[in-house]
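Heads up: the structure comes next, in structure tokens.
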Amino acid sequence: MKSKLVIYNTLTRTKENFTPINPPFVGLYVCGPTVYSDVHLGNCRTFVSFDLIYRYLLHLGYKVRYVRNITDAGHLEGDQDEGDDKFSKKARLEQVEPMEIVQRYTLGFHHIMQLFNVLPPSIEPTATGHIAEQIEMVKTIMNNGYAYEVNGTVYFDVEKYSKSHNYTVLTNRQLEDLLANTRDLGGQDEKHGRLDFALWIKAKPEHIMRWPSPWGWGFPGWHIECSAMSSKYLGDTFDIHGGGMDLAATHHTNEIAQSQACHHVQPARYWVHTNMLTVNGARMSKSAGNGFLPQELFTGNHPLLERGYSPMTVRFFMLQAHYRSTLDFSNEALDASDKGYKRLMNAIALLDKLTPAATSDFDITNIRERCYQAMNDDFNSPVLIAELFEAVRIINTVYDGKGSLDQQNLDMLKTLIRDFVFDVLGLTEEVAQTDDFGKLMDFIIRLRLDAKNNKDYATSDKIRLQLQELGIQLKDSKEGTTWSKV
RNA sequence: GGUCGGAUGGCCGAGUGGCUAGGCAGAGGUCUGCAAAACCUUUUACAGCGGUUCGAAUCCGCUUCCGACCUCCA
């Protein structure tokens with residue numbers, strides 16, 4: 001296993017060598033979507049980023065159990081531990097059952113993930129499917145003395161926890177500062193401490209999504225589901241826990257506290273946080289109204305978009321930035337990625353047309369080594385892509401007859417492309433050249449060649465221009481004619 | 001206000017104490033019936049001011065600006 005993989009760990013704020021607890025197995029947990037509305041592009045970036053991580057771990061030969069949850073209960077409007085959960089609110093607005101909301105947006109999420117060629121996780125557990133586990137966990141935390149019940153709601157006692165544990169381990173903040181910036185407890189507030197958060201919430205009479213518990217009818221708090229489900233499927237301590245950076249300060253901080261209070265161990269060894277997608281420098285978010293839905297991006301049907309971009313162009317765009325950097329969205333940047341992606345794919349399409357020579361002007365081993373170096377350095381996909389464009393130049397040069405590859409290097413080049421472009425980056429060719437459409441194109445190209453051989457340039461140009469209007473670009477060369485979608 | 005992270009050429013975006021990132025765009029050239037593509041060459045750079053160093057865009061300090069989190073968000 002060529003594994004000198006280093007991963008940036010939010011817990012230590014440094015890059016660390018990746019050493020699984022129980023190799024070759026790797027446990028990976030990622031906080032999934034809350035399915036009360038459509039996923040926007042920023043959400044997608046996180047899942048594409050972890051798809052890259054998952055794919056590379058698989059490529060290295062690890063047996064990865066990838067758990068990514070669906071939050072379908074307990075996520076409140078405003079994190080004040082009061083009011084409605086997001087599903088009930090949306091359901092009331094649309095006059096449907098909350099679980100209809102859950103179903104609709106879960107299906108939508110899966111559809112979008114497929115378009116982005118994001119591999120499904122090994123297990124995709126839901127919060128509503130693990131109510132019993134969550135209740136058990138809350139009971140244990142209470143028994144361990146880190147939670148208390150008030151009128152059917154159970155709160156986590158942050159103050160008590162922080163006497164023996166580092167509550168702010170992920171964010172390095174001072175507890176006093178947190179306290180200073182938290183609102184005053186009102187007279188009617190049930191919480192003992194300002195930072196306390198709900199593990200279990202008493203259902204109001206009108207609340208539809210509710211389950212029986214030792215504390216009466218209620219529903220789980222937002223954070224407890226991830227603790228309960230990650231420990232159920234990956235163990236009390238597992239290898240990697242991931243999510244968007246925005247979750248670190250609250251959700252993940254509380255997850256760690258709950259898990260510690262329950263199991264007396266850190267839940268995850270490596271905490272990985274992906275950065276935000278921005279628009280004009282500001283974070284894309286649901287509430288700011290600057291979010292794109294994937295469908296709007298694909299069709300170009302949005303005021304900020306000049307045209308539509310294909311899912312693979314968008315995936316490529318995302319992978320051209322490192323997952324821990326913000327990525328700024330713009331039409332210009334998408335255009336550049338679109339052309340770059342097509343350049344990459346056009347070169348790959350030429351790969352099968354290359355004929356091996358007796359000698360080789362290029363050494364693919366070096367490029368391969370650099371590709372691994374890039375990915376081993378905290379999954380540096382932009383550097384990987386830069387290396388792959390080196391391979392693109394080699395392919396084009398050989399195709400132009402200005403350089404040669406022997407059989408061994410040609411085979412290595414094909415393996416390199418398969419491994420890194422398709423397996424690790426998860427890119428796909430959006431138009432297959434071998435299907436019926438491709439056969440049809442071959443036929444048209446032969447017709448045009450006949451015309452050209454007869455010096456009937458009027459006909460050959462007509463064919464070329466007509467195809468261009470249909471969005472298909474012909475390219476003549478010594479080896480023959482190829483085509484690509486514009 | 002607190003914590004954290006940024007500021008790289010026309011745009012996006014890597015990286016690093018001395019060696020070309022890459023993509024897109026621009027310029028010139030080669031090839032070509034035309035077109036496109038490809039290939040070659042090439043212009044524009046590391047926010048500002050100090051300091052450390054033989055040498056800093058890269059380390060340190062200060063300044064300015066920006067963002068994220070601290071209230072729901074991947």
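Letters A, B, ... mirror the listed sequences (proteins, then strands); counts begin at 1.
- Considering only residues two or more places apart in sequence or on other chains, A:S460 meets the side-chain hydrogen bond (donor to acceptor under 3.5 Å, both in side chains) condition with none of them.
- Counting only N and O atoms by type, the side chains of A:D335 and A:Y309 include a donor and acceptor under 3.5 Å apart.
- Atom name P, nucleotides B:C60 and B:A38: the rounded distance is 42 Å, in whole Å.
- A:K402 has no carboxylate O lying under 4.0 Å from a charged side-chain N of A:D361, or vice versa, which leaves the two without a salt bridge.
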Counting primed atoms, P, OP1 and OP2 as sugar-phosphate and everything else as base, the B/S/- map of nucleotides 32-44 of chain B against protein heavy atoms under 4.0 Å is -BBBBSSSS----
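- Comparing A:L41 and A:A249 along RNA chain B, the residue whose closest nucleotide (by nearest heavy atom) sits nearer the 5' end is A:A249.
- If you take atom C1' in B:A14 and the same atom in B:C24, they sit 15 Å apart, rounded to whole Å.
- One atom, CE of A:M284, and another, P of B:A68, lie 13 Å apart when rounded to the nearest Å.
- As rounded to whole Å, 18 Å separates atom P of B:C24 from atom CG of A:N331.
- In terms of the side-chain hydrogen bond (donor to acceptor under 3.5 Å, both in side chains) criterion, A:N396 has no residue partners (sequence neighbours excluded).
- Picking from B:A74, B:A68, B:A14 the nucleotide with the shortest atom distance to the side chain of A:V383 gives B:A14.
- At a threshold of 4.0 angstrom between heavy atoms, the contacts of A:G243 are confined to the sugar-phosphate backbone, with no base atom among them.
- Applying the salt bridge (charged side-chain N to carboxylate O under 4.0 Å, His left out) criterion to A:D51, with sequence neighbours excluded, gives A:R55, A:R315.
- The P atoms of B:G13 and B:G18 are separated by 24 Å, rounded to the nearest whole Å.
- Taking atom CG of A:L425 as the reference point, atom C1' of B:G23 lies 14 Å away to the nearest angstrom.
- Within the structure, the salt bridge (Lys or Arg N to Asp or Glu O under 4.0 Å) test picks out no pair touching residues 106-121 of chain A (sequence neighbours left out).
- Nucleic acid contact for A:M245: none, since no nucleic acid atom lies under 4.0 Å from a heavy atom of the residue.
- Nucleotides B:U52 and B:G17 are separated by 12 Å at their C1' atoms, to the nearest Å.
- Partners of A:H322 by side-chain hydrogen bond (donor to acceptor under 3.5 Å, both in side chains), not counting sequence neighbours: none found.
- In this structure, the salt bridge (charged side-chain N to carboxylate O under 4.0 Å, His left out) partners of A:K342, at least two apart in sequence or on a different chain, are A:D338.
- Rounded to whole Å, the C1' atom of B:A47 lies 11 Å from the corresponding atom of B:C66.
- Following rounding to the nearest Å, A:L293 (CG) and B:A74 (C1') show an atom-to-atom distance of 15 Å.
- Taking the centre and axis of the six-membered ring of A:F50, the NZ or CZ atom of A:R68 falls outside the cone set by 45° and 6.0 Å.
- When rounded to the nearest whole Å, the span between CG of A:N43 and P of B:C72 equals 16 Å.
- For residues 105-121 of chain A, the pairs satisfying side chain to side chain donor-acceptor pair (under 3.5 Å) are A:H110-A:E124, with sequence neighbours left out.
- Remark: RNA chain B takes part in the stems B:1-7 with B:64-70, B:10-12 with B:22-24, B:26-30 with B:38-42, B:47-51 with B:59-63, each of 3 or more antiparallel Watson-Crick or G-U pairs, criterion distances under 3.5 Å.
- Atom pair A:Q373:CD and B:G15:C1' shows a separation of 13 Å (rounding to whole Å applied).
- Taking atom CD1 of residue A:I367 and atom P of nucleotide B:A21, one finds them 18 Å apart after rounding to whole Å.
- Side-chain atoms of A:T168 and A:T171 form no donor-acceptor pair, as typed in the model, at a separation below 3.5 Å.
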Under a 4.0 Å heavy-atom criterion, the protein footprint on nucleotides 3-13 of chain B, written with B, S and -, is SS------SSS
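- For A:R448, the salt bridge (charged side-chain N to carboxylate O under 4.0 Å, His left out) test picks out A:D476, with sequence neighbours left out.
- Spacing between B:A56 and B:G61 at atom C1', rounded to whole Å, works out to 15 Å.
- Rounded to whole Å, the separation between the C1' atoms of B:C54 and B:G28 comes to 39 Å.
- Using atom P as the reference point in both B:A7 and B:A57, the two lie 15 Å apart (nearest Å).
- For A:F329, the ring-ring contact (aromatic ring centres under 6.0 Å, His included) partners two or more places apart in sequence, or in a different chain, are A:F292.
- Atom P of nucleotide B:A14 and atom OH of A:Y323 are separated by 12 Å, given to the nearest angstrom.
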